[in-house]
Protein chains: 2
Amino acid sequence: MKQHNDDPKQRLIDTASDLLRRRGLNSTSIRELAKHANAPLGSTYHYFPGGKPQLIGIAVTQTGQRIGKLLSKALAAGPVAGLEAFLAQWRSVLLQGEFKAGCPVIAVASDDSSAEGEGVPLAAAAEVLQSWVRLISDRLRERGQKEEEAMATATLIVAAVEGGILLCRAEQSITPFDRVAKLLIQQLKQQMSEQA
Amino acid sequence: MKQHNDDPKQRLIDTASDLLRRRGLNSTSIRELAKHANAPLGSTYHYFPGGKPQLIGIAVTQTGQRIGKLLSKALAAGPVAGLEAFLAQWRSVLLQGEFKAGCPVIAVASDDSSAEGEGVPLAAAAEVLQSWVRLISDRLRERGQKEEEAMATATLIVAAVEGGILLCRAEQSITPFDRVAKLLIQQLKQQMSEQA
DNA sequence: GCTAAGCTATGACGAGTGTCATAGCAAGGG
DNA sequence: CCCTTGCTATGACACTCGTCATAGCTTAGC
């Protein structure tokens with residue numbers, strides 16, 4: 001079967017996500033990317049004629065969908081369960097990457113790259129973030145929250161998690177994330193009980 | 001008097017903060033920086049023998065102190081007033097920069113640059129973030145919150161604000177920030193009333 | 001006026017960047 | 001068998017990067 005490991009194209013995408021997490025957008029070069037993916041440099045432009053912006057855009061979108069699927073499944077068991085899974089996911093990324101690895105979406109959003117076709121990755125990042133917010137807020141609305149309230153809560157969750165990841169990267173410690181996580185869960189539980 | 005505008009050194013620092021906000025760490029080059037600051041390239045290494053890491057580090061620290069001072073003053077009128085000032089500050093940065101400008105501290109924290117003396121800027125970023133958290137949490141403790149609770153609340157605030165800034169950059173809109181801000185204030189007010 | 005210190009101007013260095021063109025290879029269908 | 005099609009290998013293009021050395025200028029103090 002054609003799987004991750006013998007499909008150079010997919011390997012390039014995965015490597016892009018990984019490098020994006022650890023180095024950021026502008027510190028991730030096509031050459032280094034190809035080397036890590038065990039793919040020839042020339043192949044990059046064969047599989048991705050749109051060049052770096054296209055590859056990065058795809059990597060961001062794909063990572064977003066992967067996490068979105070995980071989030072979606074966990075949310076089926078309720079908003080709190082969904083949040084807990086979302087948090088656990090990021091916590092493990094931070095720990096396994098020893099606080100060098102963050103979120104590829106953040107990497108794209110912080111680096112400008114306001115060049116030519118470079119709006120592509122940023123647009124991908126925006127859509128991923130919005131999709132996460134939508135997943136959570138939809139579930140909150142099913143639990144009786146009003147539209148705007150649900151959007152606010154979901155946005156706060158995503159913002160706080162991404163921000164927490166940044167704090168951990170900065171001070172090389174999991175503490176900020178754990179503090180943020182504990183409070184988010186506590187507040188969400190409280191909101192749910194008020195609704196019931 | 002020797003003021004901002006005729007001191008090349010200070011002008012370089014200010015320009016560094018500005019470029020950091022808008023372009024990110026690795027997209028901010030010394031050459032561009034010097035040009036924007038109307039300073040000769042050679043002068044950069046005269047004033048900052050430590051090169052780019054030193055200049056970036058100073059810019060981050062200085063921006064952090066500026067905002068820290070503002071935050072500190074506003075906190076004197078109470079935690080809620082402090083939060084409101086903090087939020088207003090960032091909101092105006094986002095609007096004035098048309099969502100292209102974020103926080104220099106975030107820029108440094110997301111970009112790796114795990115090179116040689118490059119731990120310097122990251123350490124500066126960490127200290128700035130911790131100082132903001134400390135300012136807020138100290139004030140919360142004075143209002144009766146326990147150490148850990150105060151730290152958690154303060155960390156959530158900083159993380160959510162920085163995360164909110166990222167969301168706004170991504171989707172080129174102030175909406176995420178406003179949602180986050182509203183909820184943060186509402187929750188803090190509630191915490192304060194419970195304490196009283 | 002003259003010297004000393006502080007700053008600027010200029011240009012180079014090696015390395016790295018995204019991008020692409022072209023020549024080569026392997027394998028599959030006719 | 002040949003020959004098309006899909007991929008790889010190689011190397012070049014025109015930059016830009018951080019950094020630094022050195023020579024020149026300006027200005028203040030004696």
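Model, not experiment: these values are computed from the prediction. All chains are named by letter (A, B, ...) in the order of the sequence lines, taking the proteins before the strands, and each is independently numbered beginning at 1.
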Should B/F99 and B/I165 be counted in the same cluster of Ile, Leu, Val, Met, Phe, Trp and Tyr side chains packed under 4.5 Å apart?
yes
What integer distance in Å separates [X]:[atom1] from [N]:[atom2]?
X     : N      : atom1 : atom2 : answer
B/H46 : C/dC7  : NE2   : P     : 4 Å
A/K52 : C/dT19 : NZ    : C1'   : 12 Å
A/I30 : C/dG18 : CD1   : P     : 5 Å
B/F48 : D/dC20 : CZ    : P     : 15 Å
A/L25 : C/dG18 : CG    : C1'   : 12 Å
A/N38 : D/dA9  : CG    : P     : 11 Å
B/E32 : C/dT17 : CD    : P     : 19 Å
A/R31 : C/dT19 : CZ    : C1'   : 8 Å

Determine the contact category for A/T28: base if any of its heavy atoms lies under 4.0 Å from a base atom, sugar-phosphate if only primed atoms, P, OP1 or OP2 are that close, otherwise nothing.
sugar-phosphate
Heavy-atom closest contact (B/N38 atom, B/R11 atom, distance):
O-NH2, 3.3 Å
Share the residues that join B/Y47 in a hydrophobic cluster, the rule being Ile, Leu, Val, Met, Phe, Trp or Tyr side chains under 4.5 Å apart at the heavy-atom level.
B/L12, B/I13, B/L19, B/L33, B/F48, B/L55, B/I58
On DNA chain D, check which nucleotide each of B/Y45 and A/L41 is closest to and give me the residue with the more 5' one.
A/L41
OP1, OP2 of C/dG16 versus side-chain N and O of A/S29: anything below 4.0 Å?
no
Taking only side-chain N and O atoms of A/S43, does any of them lie within less than 4.0 angstrom of OP1 or OP2 on D/dC7?
no
Residue mapping more 5' on DNA chain C - nearest nucleotide basis, B/A39 or A/G42:
B/A39
Does B/R21 reach the main-chain N or O of B/C103 with its side chain, forming a donor-acceptor pair under 3.5 Å?
no
